[in-house]
Amino acid sequence: MSDNKTAIIIGAGIGGIATAVKLARNGFRVKVYEKNDAPGGRCGQIIRDGHRFDIGATIYLMPSIYKEVFESLGLKIEESFTAKPLPVIYKLYFADGDVIDFTTDKGRMQSQLETLEPGSYKRLQNYVSNGYSLFQIALKNLLGRNFYSIFDFINLKNIRLFIKMKTYIRHHIYIRRFFKHPHLKVAFTFQNIYVGQNPFTAPALFSMLPAAELSEGSLFPVGGMYSIVEKLVSTARNLGVEFYFNKSVEKIVVNKNKAEKIILEDETEVQADIIVANADLPYVYRELLPDKRKSARLDRLNYSCSAIVFHWGLDKKYDVLGHHCVFISEKYHESIDKIFDVNLMSDKPCFYVHAPVNSDPSAAPEGQDTISIIVPVGNIDNKKVQDWDMLKDKARSYIIERLKKQGMKDIDEHIKFEICHLPKSFNTILNVSKGSVFGSISHSIFQMGYFRPHNQHSRYRNLYFVGGSTHPGNGVPLVLLSSKLTSERIIKNTKGLS
Ligand SMILES: Cc1cc2nc3c(=O)[nH]c(=O)nc-3n(C[C@H](O)[C@H](O)[C@H](O)COP(=O)(O)OP(=O)(O)OC[C@H]3O[C@@H](n4cnc5c(N)ncnc54)[C@H](O)[C@@H]3O)c2cc1C
């Protein structure tokens with residue numbers, strides 16, 4: 001126990017709140033400073049006129065990781081919030097009219113696959129079991145542990161593991177061993193975009209994403225992903241954690257090898273033994289710390305893609321969509337290239353729709369609907385002309401055209417209101433560098449493990465990081481793991497210190 005030690009956490013994102021719980025349980029007096037008026041960050045929520053939207057995260061991936069991290073915080077996941085299974089994890093809508101239910105129902109999966117490509121179901125089973133064992137190897141050796149030195153990461157055993165983890169082969173080449181039909185190749189590789197990765201260049205290691213979905217299934221938290229945030233915040237408060245909202249941290253004051261205090265926007269100064277930055281890591285180096293050389297180095301790394309997000313409150317209820325829907329464009333390859341090669345958006349982008357009301361009626365007033373649409377786009381690139389308002393209008397028209405074709409024929413007449421977030425909004429509202437919401441730093445193999453920015457500052461040893469841009473990576477499950485790893489490091493480092 002670290003009685004009397006004080007910790008400041010900068011940011012009340014899921015990573016910051018989970019860390020606050022763990023540190024408070026271990027005797028730290030914890031204060032959390034958040035720039036916005038509510039917790040959650042990219043896992044926050046918006047409520048307007050009875051419509052409830054998840055700001056970012058909607059898909060509850062990898063339930064085993066949630067369970068593990070909640071247990072490490074002294075919480076039983078099944079008692080923390082209500083989560084219901086989604087037998088159809090998502091519906092995939094192809095531009096030629098084909099629809100694939102991406103489902104844990106084996107019989108349904110078999111009949112769909114065999115119709116598209118005879119013999120492919122057996123190969124899917126191999127793909128999933130290989131992918132799931134990659135997930136377990138990666139979790140044990142790459143994602144779920146702290147690296148204390150380069151030799152923990154680069155050694156003979158791990159080189160063998162990297163080969164086993166298929167880090168040397170591209171996912172889109174690897175998938176050809178299993179499927180010929182273009183829809184199937186897309187259906188089992190597009191998930192790279194979840195972590196802001198290009199499906200055409202990402203390593204086959206990422207086959208662990210669809211494999212984990214099909215092996216562990218998917219749940220949805222009743223009340224939205226924000227119910228996870230609410231549980232963590234109430235647990236933290238019960239442990240004495242103090243939250244301060246609308247308190248933007250403007251500076252971390254350092255002295256020799258120590259981070260001494262933070263300075264808030266209103267010039268208040270707060271000291272602590274430990275400072276944990278949950279705000280996006282490259283932003284912290286750039287804006288809050290004095291080391292400009294390190295910040296310039298971080299700036300040169302690869303960043304994940306960004307997104308244009310529409311939240312629509314509808315005055316009519318539609319029954320045609322699944323809870324999670326993915327619309328694949330007729331120009332799939334081009335649409336991916338536009339995002340990752342030129343930091344823009346195709347005229348016909350792929351997009352995702354979250355339509356929770358049929359499974360969770362509390363998301364909209366009775367007889368009405370609530371949908372959110374996420375369009376992956378390039379990240380903010382100051383060397384390019386990026387007319388986000390024009391791209392937003394293009395995306396909107398294409399989305400409406402596709403939704404009309406899918407049976408929502410009068411959708412444009414029933415949008416009561418729209419809230420739209422552009423890459424620049426994620427930058428200004430949440431301080432996510434380049435608006436790269438699925439990172440920010442991307443998950444190429446040379447930016448993972450020991451190569452990812454570390455969760456402890458190399459000079460100011462009482463300054464730690466937690467969240468999507470440090471180890472192990474982005475997405476709620478990995479950010480929860482990040483909080484576990486960062487807390488473990490802090491507790492290990494402070495053990496025995498008075
Ligand atoms: C559109 C979108 C869709 C997504 N979909 C999914 C999904 O389906 N499933 C999934 O698992 N993940 C998804 N994600 C990713 C997931 O939301 C993030 O990985 C996760 O929420 C990041 O948590 P975090 O704690 O690292 O950071 P953040 O949520 O960014 O939290 C950081 C906090 O720090 C605060 N802050 C910043 N600067 C300061 C400052 N100077 N002072 C004080 N506070 C500050 C911010 O306001 C913010 O609250 C999605 C993200 C987006 C944006």
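In this chain, residues are counted from 1 in sequence order. Counting starts at 1 for both ligands and their atoms, in listed order.
The shortest heavy-atom distance from E250 to ligand 1 is not under 4.0 Å. Under a 4.0 angstrom heavy-atom cut-off, S469 registers as lying outside contact with ligand 1. Contact annotation: L61 has no heavy atom less than 4.0 Å from any atom of ligand 1. Close to ligand 1: P477, with a non-hydrogen atom less than 4.0 angstrom away. Heavy-atom separations between Y283 and ligand 1 include at least one value shorter than 4.0 Å. In this structure, D280 does not count as a contact residue of ligand 1, since none of its heavy atoms falls inside 4.0 Å of the ligand.
The shortest distance between side-chain heavy atoms of V276 and N455 does not fall below 4.5 Å.
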- [ ] Quick one: do I380 and K424 satisfy side-chain contact (heavy atoms from CB on, under 4.5 Å)? Show the steps, please.
- [x] CA-CA 7 Å; I380 298 172; K424 57 189 181 189; 4.3 Å; yes
Task: Full working for side chain to side chain donor-acceptor pair (under 3.5 Å) between Y318 and Q406 - done: CA-CA 11 Å; Y318 293 89; Q406 216 48 60; over 6 Å; no
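A salt bridge links R52 with D360: at least one charged nitrogen is closer than 4.0 Å to a carboxylate oxygen.
Across Y66 and I59, no two heavy atoms sit closer than the pair OH-O, 4.4 Å.
Residue contacts with ligand 1: G475 is placed with a nitrogen or oxygen under 3.5 Å of a nitrogen or oxygen of the ligand (distance criterion only). By the 3.5 Å distance cut-off applied to N or O atoms, G467 is not counted among the residues near ligand 1. For the pair V249 and ligand 1, the shortest N or O to N or O distance falls below 3.5 Å.
Each of the following atoms of ligand 1 lies closer than 4.0 Å to a heavy atom of N36: 47 (O).
Compare M225, R42, H324 by their heavy atoms: the one nearest to atom 29 (O) of ligand 1 is in R42.
Between the CD1 atom of I77 and the CZ atom of F70 there is a distance of 4.5 Å, given to the nearest 0.5 Å.
Cation-pi geometry between R489 and Y464 is not met at under 6.0 angstrom from the ring centre and within 45 degrees of the axis. Both the sub-6.0 Å distance and the 45° axial angle are satisfied by K294 relative to the ring of Y285.
Of all the heavy atoms of F438, the ones lying under 4.0 Å from any atom of ligand 1 belong exclusively to the side chain. Of all the heavy atoms of V479, the ones lying under 4.0 Å from any atom of ligand 1 belong exclusively to the side chain.
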